[in-house]
Amino acid sequence: MKTLAVLILCLAMLMATGFPFERRGGSPSSSSSSSSGSGKEKRVQYAAWDDVNVIAHGMLQLGQGLKEHVDKTKGQMRDIATKLKTFNSTVSQLGLESQRLKAEGEALRARALGLEDREAQVLNVSAELREKAEEMQQERMKVKERLSRLEERVDGLLPSEGLPDMNAGNAAGNYTDARIIQWMLEAQNQRIDELVNRMRLQQEKLDKQNVRIRTLQHQIQLTKERPAFKRSKVDEPVQNGSTEQRDSPIDMASDCHELFLRGETASGLYTIQPLNSQPFDVFCQMTAEGGWTVIQRRQDGSVDFDQLWQAYKSGFGSLNGEFWLGLEKIHAVSKDADYILKVEFSDWRDDAESILYPFHLGGEESKYALRIQENVASGNLESALETEPSGLPFSTRDLDNDLKMDTNCAKQLSGGWWFSNCGRSNLNGRYLQSPPPKQRHQRKQGVFWKTWRGRYYPLKTTSLMIAPAEIHKKA
């Protein structure tokens, strides 16, 4: 760059001195002699040939320098273009690499979630295996005991069964100990089958007799309690050819157990009318002991149980599916006698459990307070339904009656229930499919019974039913 500047400066100086110019004025003598003339002579001075050569040589050097400078600039531009291409390629590769890393990160995240699911499954399977192992151990002990008893019975029966004498000739010699035992077992099994059939026939006859006896007892009781009601009797033929007396449909039954005592043995929908109440439909669960009035059922999540107070008071859902009968109807059925509450539930392995409570349900003035009349419940489980001596009122998200002062349990856990401190049970919570959600606050809102499968295990099915206390005493 410095050489180029010097060449340009020299060229400018030569050009300034080499071009022709006018010289004005002259010597004193000429000026005096020309003063008499009318015009002035003009003289022109031209650059010398050497100066022109110098200028031309300088311009050649300048052109050569400019050419070298241009070539050098072109080389630098090519280097810059190459570096830019390299940079662009690197940026593209970095973009692809970042996308690949992002995809790998998402895949790793998915694998982590899958591993968490597998870990939960492994924990569940290991728990099941432990339970199965314990059950197999118990079964093994039972089988050993049965084998021991069977050996004792066989030893006792061998001398008295009249078997061929093992020492009485060649024909008797063909009998082996295994054949004798097999023959004995076949004979015993045949006699057992005959006895079972005879017992089954006797049990069927006894069941029919019990139904007739209960029907007659109930009719006698109704006649004593309500003599003013007119009841007509209709003789109807039954399957065994005898006649059976049935009530005419003048008086409605007050609950499902009364329907059972009148001879109804099929589970299904019936209409009942408790004392001082309007008739309404219920689902009756008929068993060998009697009739149960079903007040709640959960089985598939088809009904939303996160309802307000008025809905829980009057009832909602379908009696053929999921439903809540209604607090007012439950109170009407159970208010005039001692009743028991039966709680049934099952898990996602279809294992089932149940528990019974003697209870009393107050009216609307007590906010339908539930009072368990005994400290212990009947069943294999520890109770998860705690009440106060004065009764535990029912709570919904719009009417907070629970015992936890700083929390609305119905709003926090979803659904209406007899809440004490929000943590023991809630069979009206949100129905969660299996596998349950991973978030703890969502599992807290599920259908649970803490003393069976734990606080955060969502149950598959639940059922609440009530019946007079006498059904449990007879059972």
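Note that these values count all heavy atoms, side chains included, but never hydrogens, waters or copies made by symmetry.
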- Applying side chain to side chain contact (heavy atoms under 4.5 Å, CB included), run through S383 and Y357 and close with a yes or a no. CA-CA 9 Å; S383 176; Y357 292 98; 2.8 Å; yes
- Query: Is there a donor in the side chain of D300 and an acceptor in the side chain of S302, or the other way round, less than 3.5 Å apart?
  - Reply: yes
- Item | All salt bridge (charged side-chain N to carboxylate O under 4.0 Å, His left out) counterparts of K83, not counting sequence neighbours | none
- Check: K367 and W309 side chains under 4.5 Å, non-hydrogen atoms: yes
- Mind checking whether F305 and F316 have parallel, tilted or perpendicular rings, split at 30° and 60°? perpendicular
- Message: Let me confirm one number: the CD-NE2 distance from E470 to H257, rounded to the nearest 0.5 Å.
- Response: 4.0 Å
- Task: Flag the pair Q307 / W324 as yes when at least one side-chain heavy-atom distance between them is below 4.5 Å, and no otherwise.
- Result: no
- Inspect the surroundings of CD in Q278 and state if more than 12 heavy atoms from other residues, nucleotides or ligands are less than 6.0 Å away. no
- Message: Let me confirm one number: the CD-CE distance from E264 to M286, rounded to the nearest 0.5 Å.
- Response: 6.5 Å
- Please step through side chain to side chain contact (heavy atoms under 4.5 Å, CB included) for the pair D281 and L269, ending with a clear verdict. CA-CA 7 Å; D281 294 336; L269 298 182; 5.8 Å; no
- Aromatic ring pairing Y339/F359, orientation class (parallel under 30°, perpendicular over 60°, tilted between): perpendicular
- Item | Non-hydrogen atoms of I466 and S334 that approach each other most closely | CD1-CB, 4.5 Å
- Return yes if some donor-acceptor pair links the side-chain N/O of R453 with the main-chain N/O of L459 below 3.5 Å, else return no. no
- Salt-bridge criterion met for E258 and R262 (N-O under 4.0 Å): yes
- Item | Separation of L370 CG from H360 NE2 (nearest 0.5 Å) | 9.5 Å
- Query: Does the side chain to side chain donor-acceptor pair (under 3.5 Å) test come out yes or no for N320 and S318, once each step is laid out?
  - Reply: CA-CA 5 Å; N320 288 318; S318 171; 4.8 Å; no
- Query: Which pairs count as side chain to side chain donor-acceptor pair (under 3.5 Å) when at least one residue sits in residues 108-126, sequence neighbours excluded?
  - Reply: D117-K438
- Item | Qualifying residue for ring-ring contact (aromatic ring centres under 6.0 Å, His included) with F394, from Y368, F419, W418 | W418
- Message: Is any side-chain heavy atom of E344 closer than 4.5 Å to one of M465?
- Response: yes
- Item | Atom pair OG1/CD of T293 and Q285 - distance to nearest 0.5 Å | 11.0 Å
- Item | Shortest non-hydrogen contact between P274 and F280, atoms and distance | CD-CE2, 3.6 Å
- Heavy-atom distance under 4.5 Å between the side chains of T271 and Q273, does that happen here? no
- Roughly how far, to the nearest 0.5 Å, is the CZ atom of R140 from the NZ atom of K144? 4.0 Å
- Query: Closest approach of W452 and D347, non-hydrogen atoms and distance?
  - Reply: CH2-N, 3.6 Å
- Query: Judged by atom type as modelled, is there a donor-acceptor pair below 3.5 Å linking the side chain of R297 to the main-chain atoms of L319?
  - Reply: yes
- Message: Just so I know, are the side chains of K329 and V282 near enough to count as touching, which here means a heavy-atom distance under 4.5 Å?
- Response: no
- Closest heavy-atom contact between P393 and G391? CD-O, 3.7 Å
- Nearest heavy atoms of W449 and S425, plus distance in Å: CE3-CB, 3.7 Å
- Can you tell me which residue pairs pass the side chain to side chain donor-acceptor pair (under 3.5 Å) test with a partner in residues 399-414, sequence neighbours excluded? none
- Note on the structure: Minimal heavy-atom distance between I372 and L385, with the atoms involved, is CG1-O, 4.2 Å
- side chain to side chain donor-acceptor pair (under 3.5 Å) pairs touching residues 457-469, sequence neighbours excluded, are Q296-T462, S346-T461, D350-K460
- Message: Does any part of the side chain of F260, heavy atoms only, come nearer than 4.5 Å to the side chain of C284, both counted from C-beta?
- Response: no
- Sorted by chain and number, sequence neighbours left out, side-chain hydrogen bond (donor to acceptor under 3.5 Å, both in side chains) with E104 holds for R100
- Query: Which is it for L464 and L341 under the side chain to side chain contact (heavy atoms under 4.5 Å, CB included) test, yes or no, and what are the steps along the way?
  - Reply: CA-CA 7 Å; L464 302 178; L341 170 66; 4.3 Å; yes
- Side chain R298, main chain G429, donor-acceptor under 3.5 Å: yes
- Task: Please check if the side chain of S98 supplies one atom and the backbone of L94 the other of a donor-acceptor pair under 3.5 Å.
- Result: yes
- What do you reckon, is NZ of K335 surrounded by more than 12 foreign heavy atoms closer than 6.0 Å? yes
- Item | Gap separating the NZ atom of K132 from the CG atom of L129, nearest 0.5 angstrom | 9.5 Å
- Can you name the residues that form a salt bridge (charged side-chain N to carboxylate O under 4.0 Å, His left out) with E322, not counting sequence neighbours? none
- Query: Does a side-chain heavy-atom distance below 4.5 Å link Q61 with Q64?
  - Reply: no
